[in-house]
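Below you'll find the structure, written out as structure tokens, and then a few comments.
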Amino acid sequence: MEGNVDPEHGMMMEESYQPNMQIDPSRARFPCCLVWSPLPVISWLIPFVGHTGICREDGVILDFAGPNFVCVDSFAFGSATRYIQVNKEKCCISPYLSAFDGDDHHQLGVQGSDSFTWDDALRKSTQEFQHRSYNLFTCNCHSFVANNLNRLGFNSGGWNVVNLAAFIFLKGQWVSKLSMVRTFLPFVIITLLGLTFGGLTYITLVAFFTFLLVGWFLLGTYCFKDWILL
């Protein structure tokens, strides 16, 4: 029997775990969550910009971290500092089925049945992004997570990099007080140094950089929809 296990299924289900697993930041386990961490340099200047991933039912983090590469259980830029646990009842999957129910439900999901699991949807997106080129401006970690949420049908779909970033920024819970310090301390230090030595010039440059970055994603998402891939 074991010899017939699908290799992709084995990769996604390689760890043994229990149903209804609780969030455990010490082990980087966030079942059915979206997770976020700050990016070096960029988050020091614009603290609401960061790296994001989505988690399997066993809490293992998946994140699109480079060309043709989805990280499994190794969040690319350090431990998660914010998370949102997704209500499976708001997804277009059966909330009563999960990967814990075994191979039978996995096969149903692969064949396109209505009875597919959270992990089935994540597996399909992972397989797709393992053949995608990575680009910070056109196909990034937010593209991967938005693709997963649309596949899951969370809140009826319609997810993109902009509303996903806003959702995490507005609704994300902090993992701990230390995670807040880790996120904002570099920003505070850089800002104080910038104001001390650069004054108005520093503020102008950061504002211009923020305007360009946010403007690019707004235009690419809502005006020129083929610019940013999902």
Side-chain angles (χ1 to χ4, degrees), residues 11-12 14-15 23-56 58-86 122 125-126 128-149 159-191 193-194 206 209-210 212-214 216-217 220-221 228-230:
M11 179 198 75
M12 296 293 291
E14 59 189 353
E15 296 187 14
I23 291 173
D24 184 359
S26 65
R27 297 178 56 241
R29 293 295 182 266
F30 299 87
C32 299
C33 287
L34 312 181
V35 291
W36 183 94
S37 69
L39 285 167
V41 183
I42 296 178
S43 298
W44 302 349
L45 301 174
I46 313 173
F48 59 82
V49 174
H51 182 69
T52 188
I54 190 168
C55 305
R56 301 184 323 205
D58 63 349
V60 168
I61 300 173
L62 307 176
D63 61 303
F64 185 45
N68 311 312
F69 181 61
V70 176
C71 274
V72 179
D73 200 18
S74 180
F75 207 26
F77 294 96
S79 58
T81 59
R82 304 186 77 179
Y83 69 93
I84 301 174
Q85 191 159 41
V86 175
L122 267 60
S125 289
T126 297
E128 179 180 339
F129 274 75
Q130 284 173 338
H131 299 88
R132 288 272 195 98
S133 296
Y134 183 95
N135 187 298
L136 178 64
F137 299 104
T138 59
C139 187
N140 56 35
C141 58
H142 286 70
S143 303
F144 173 67
V145 175
N147 181 285
N148 277 283
L149 292 178
W159 291 95
N160 55 56
V161 297
V162 174
N163 59 20
L164 172 62
F167 181 58
I168 295 174
F169 178 72
L170 296 173
K171 300 293 186 179
Q173 300 182 57
W174 293 103
V175 171
S176 65
K177 292 181 178 178
L178 183 60
S179 66
M180 294 178 65
V181 173
R182 178 187 157 202
T183 299
F184 289 111
L185 183 59
F187 168 72
V188 171
I189 293 174
I190 294 297
T191 299
L193 290 173
V206 172
F209 176 64
T210 304
L212 287 179
L213 190 64
V214 173
W216 166 264
F217 286 108
T221 298
I228 298 176
L229 303 177
L230 296 177

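All values below come from the heavy atoms of this structure, side chains included, with hydrogens, waters and symmetry mates left out.
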[atom1] of [X] to [atom2] of [Y]: how many Å apart, nearest 0.5 Å?
X: Arg132; Y: Leu229; atom1: CZ; atom2: CG; value: 5.5 Å
X: Ile84; Y: Cys55; atom1: CD1; atom2: SG; value: 11.5 Å
X: His131; Y: Asn68; atom1: NE2; atom2: CG; value: 7.5 Å
X: Asp73; Y: Arg56; atom1: CG; atom2: CZ; value: 7.5 Å
X: Leu230; Y: Asn148; atom1: CG; atom2: CG; value: 11.0 Å
X: Leu62; Y: Ser125; atom1: CG; atom2: OG; value: 9.5 Å

Could you go through residues 31-51 and list every donor-acceptor pair under 3.5 Å that involves a side-chain atom there, pairing it with any protein atom two or more places apart or in another chain?
| unit_1 | atom_1 | unit_2 | atom_2 | d |
| --- | --- | --- | --- | --- |
| Ser43 | OG | Leu39 | N | 2.7 |
| Ser43 | OG | Leu39 | O | 3.3 |
| Ser43 | OG | Val49 | O | 2.4 |
| His51 | NE2 | Asp63 | OD2 | 2.7 |

Qualifying salt bridge (Lys or Arg N to Asp or Glu O under 4.0 Å) pairs with a residue from residues 37-55, counting only residues at least two apart or across chains: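 Counting only pairs at least two positions apart or across chains, no salt bridge (Lys or Arg N to Asp or Glu O under 4.0 Å) contact touches residues 37-55.
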Residue pairs passing the salt bridge (Lys or Arg N to Asp or Glu O under 4.0 Å) test where at least one lies in residues 30-49, sequence neighbours excluded: none
Residues that Phe144 engages under ring-ring contact (aromatic ring centres under 6.0 Å, His included), provided they are two or more places apart: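 Expected list: Phe129.
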Side chain to side chain, Leu213 and Phe137, heavy atoms closer than 4.5 Å: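 SC-SC contact between Leu213 and Phe137 confirmed.
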For Arg82, salt bridge (Lys or Arg N to Asp or Glu O under 4.0 Å) partners two or more places apart: none
Residues which pass side chain to side chain contact (heavy atoms under 4.5 Å, CB included) with Thr138, listed by chain and number, not counting sequence neighbours: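 Per chain and number, Thr138 pairs via side chain to side chain contact (heavy atoms under 4.5 Å, CB included) with Asn135, Trp216.
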Distance flag, aromatic centroids of Tyr134 and Phe64, threshold under 6.0 Å: yes
For Thr52, side-chain hydrogen bond (donor to acceptor under 3.5 Å, both in side chains) partners two or more places apart: none
Heavy-atom closest pair, residues Cys71 and Ala65: SG-CB, 3.8 Å
Donor-acceptor pairs under 3.5 Å, side chain of residues 180-190 to any protein atom, not counting sequence neighbours: which ones?
| unit_1 | atom_1 | unit_2 | atom_2 | d |
| --- | --- | --- | --- | --- |
| Arg182 | NH1 | Ser79 | O | 2.5 |
| Arg182 | NH1 | Ser79 | OG | 3.1 |
| Arg182 | NH2 | Phe77 | O | 3.0 |
| Arg182 | NH2 | Ser79 | O | 3.3 |
| Thr183 | OG1 | Ser179 | O | 2.9 |

Using atom types as modelled, flag every donor-acceptor pair under 3.5 Å from a side chain in residues 160-175 to any protein atom, sequence neighbours excluded.
| unit_1 | atom_1 | unit_2 | atom_2 | d |
| --- | --- | --- | --- | --- |
| Asn160 | OD1 | Val162 | N | 3.0 |
| Asn160 | OD1 | Asn163 | N | 2.9 |
| Asn163 | OD1 | Asn160 | N | 2.8 |
| Asn163 | ND2 | Gly158 | O | 3.0 |

